[in-house]
Amino acid sequence: MSASFKHLFGIAQLSRQQIEHLVHLGESFIELSRRSVKKAPTLRGKTVINLFFENSTRTRTSFEIAGKRLSADVINISASTSATKKGESLLDTGETLAAMQPHVLVIRHSISGACEFLADFLPDTSIVNAGDGAHEHPTQVLTDLLTLHVQAGGVAGKTMTIVGDIAHSRVARSHLLAAQKLGYKVRLVAPKTLLPRGIEQFGCEVFHDFDAAIPGSDVLYMLRMQTERLTSNCCFPSIREYHEAYGLNAARLALAADDCRVMHPGPMNRGVEIASEVADSARSHILDQVEHGVAIRMAVLTALCGNSPESSPSPRSKRREKAESAMRAQGKLL
Ligand code: NCD
């Protein structure tokens, strides 16, 4: 079975079978990274461009390593060194890079929907969402699913308790979508100010008291405060009080079952959402997540590069006009 899709915008577009296929493909790539010669010819002749408009350590590096280990040519561009600094729009940057005929464009952007927007008029390029605003972060969630597949025999029937800044977290949103498809339960724990209104529609349980949510949890998934997306600093009283109410320390972890696992997508803010004694403990799978992030990105690049464009594009000028007027209407044209 193949995953069979042209772009990866989010977990929302994937079926349970496609998610499972990517997780199994990812599992098959773990071993390659542990060899002394970490190279396979799978993507020879393919070009992958990483275009990052937001900071990243894990995601950008793992896409780069994944592409290189599979023999693709990988180019990294960050907003701080690109022509966007000279006033070029996202649209023009995308079209410029697409004119160089890459197979895959991996994009991280602060605007939700930026990848779908670009895909509309880059018909020959596969686009991978490496995190778009507070919308989705599919490869992080696939990475977490691979970690739980390898370390805990999968997620079906398990309860994942996600704690922290849910309101601004694309990782939480992608997990809520994956949980519905794969049959795991999600508990969300946060102060009211860090929870989006109507989040219960995803079928999750909502808690404001962290201690009450711990018994029965199979995974405690800690989130960083997404300060880059906070519009005001009134979401929580102080770092100290936040840590007391929502930080995971050893005393709190003692309320969990012995086999409850701790995860975090990184970057961690030690002493805020997680204490070092937990982050560095045997219960923590944070570095496993990092290792599996490379394997999952190998799987995603392999799945995408095996596919050719699905349909013939509408004329470029028409697509551009349509896309620009939609973005202008939303006040989002960069
Ligand atoms: C996450 C992200 O960028 O959304 N990190 C990541 O990709 N490893 C979570 C975060 O930044 O807190």
Side-chain angles (χ1 to χ4, degrees), residues 8-12 22 26 50-67 76 78-80 106-115 128-148 160-178 186 188-190 194-196 219-231 235-236 239 242-243 246-248 262-274 278-279 284-301:
L8 180 57
F9 298 137
I11 296 293
L22 288 169
N50 288 327
L51 177 58
F52 276 60
F53 292 92
E54 281 191 334
N55 296 341
S56 174
T57 302
R58 276 147 284 264
T59 308
R60 196 195 60 72
T61 311
S62 59
F63 268 111
E64 179 176 0
I65 291 179
N76 295 308
S78 68
S80 56
V106 179
I107 300 173
R108 171 169 285 194
H109 202 280
S110 60
I111 291 179
S112 300
C115 297
V128 180
N129 180 4
D132 61 331
H135 177 224
E136 275 229 47
H137 194 350
T139 59
Q140 179 61 51
V141 165
L142 291 168
T143 293
D144 300 339
L145 295 173
L146 174 58
T147 298
L148 288 166
M160 176 184 284
T161 297
I162 305 180
V163 188
D165 184 1
I166 313 290
H168 304 98
S169 173
R170 49 200 176 204
V171 177
R173 201 181 145 78
S174 290
H175 264 299
L176 285 166
L177 294 164
V186 173
L188 299 178
V189 182
L194 290 175
L195 272 169
V219 179
L220 296 176
Y221 195 103
M222 307 309 296
L223 293 175
R224 176 182 70 91
M225 199 70 68
Q226 309 272 303
T227 42
E228 68 276 29
R229 278 181 250 291
L230 292 183
T231 45
C235 294
F236 57 96
I239 297 290
Y242 180 82
H243 181 71
Y246 295 103
L248 185 57
V262 175
M263 298 176 82
H264 193 307
M268 284 186 278
N269 286 163
R270 289 171 184 258
V272 185
E273 73 274 10
I274 193 165
V278 173
S284 160
H285 289 281
I286 297 168
L287 292 179
D288 295 326
Q289 289 171 272
V290 176
E291 180 184 7
H292 296 149
V294 175
I296 273 297
R297 279 137 193 155
M298 284 179 174
V300 167
L301 292 177

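Just the heavy atoms: all of them, side chains too, but no hydrogens, waters or symmetry mates, feed the values below. In this chain, residues are counted from 1 in sequence order. In each ligand, atom 1 is the first atom listed, and ligand 1 is the first ligand listed. Remember, predicted model here, so these are calculated numbers, not experimental data.
- Remark: aromatic rings of His175 and Tyr221 are close, center separation under 6.0 Å.
- Note on Arg58 versus Glu291: no salt bridge recorded, every NZ/NE/NH1/NH2 to OD/OE distance being 4.0 Å or above.
- The shortest N or O to N or O distance between Gly266 and ligand 1 is below 3.5 Å.
- Using a 4.5 Å heavy-atom cutoff, the side chains of Ile107 and Val128 are not in contact.
- For ligand 1, one of its N or O atoms has an N or O atom of His137 under 3.5 Å away.
- Close approach of ligand 1 to Pro267 is summarised as follows: ligand atoms under 4.0 Å from at least one heavy atom of the residue are 10 (C), 11 (O).
- Side-chain contact between Ile166 and Pro196: present, with at least one pair of heavy atoms (C-beta onward) separated by less than 4.5 Å.
- For atom 8 (N) of ligand 1, the closest non-hydrogen atom of the protein is Pro265 O, 2.9 Å.
- Considering all non-hydrogen atoms of both residues, Phe63 and Ala130 come closest at CE1-CB, 4.1 Å.
- Scanning the protein heavy atoms around atom 11 (O) of ligand 1, the nearest turns out to be Arg224 NH2, 2.9 Å.
- Those atoms of ligand 1 that come under 4.0 Å of a heavy atom in Thr59, given as number and element, are 6 (C), 7 (O), 8 (N).
- Side-chain atoms of Asn129 come within 3.5 Å of backbone N or O of Phe9 as a donor-acceptor pair.
- When Glu54, Arg173, Met222, Arg170 are ranked by how near their heavy atoms come to atom 2 (C) of ligand 1, first place goes to Arg170.
- Any N or O atom pair closer than 3.5 Å counts here, and Glu228 shares no such pair with ligand 1.
- Inspection of the Gln226 and Asp165 side chains reveals no N or O donor paired with an N or O acceptor under 3.5 Å.
- No N or O atom of Val171 sits closer than 3.5 Å to an N or O atom of ligand 1.
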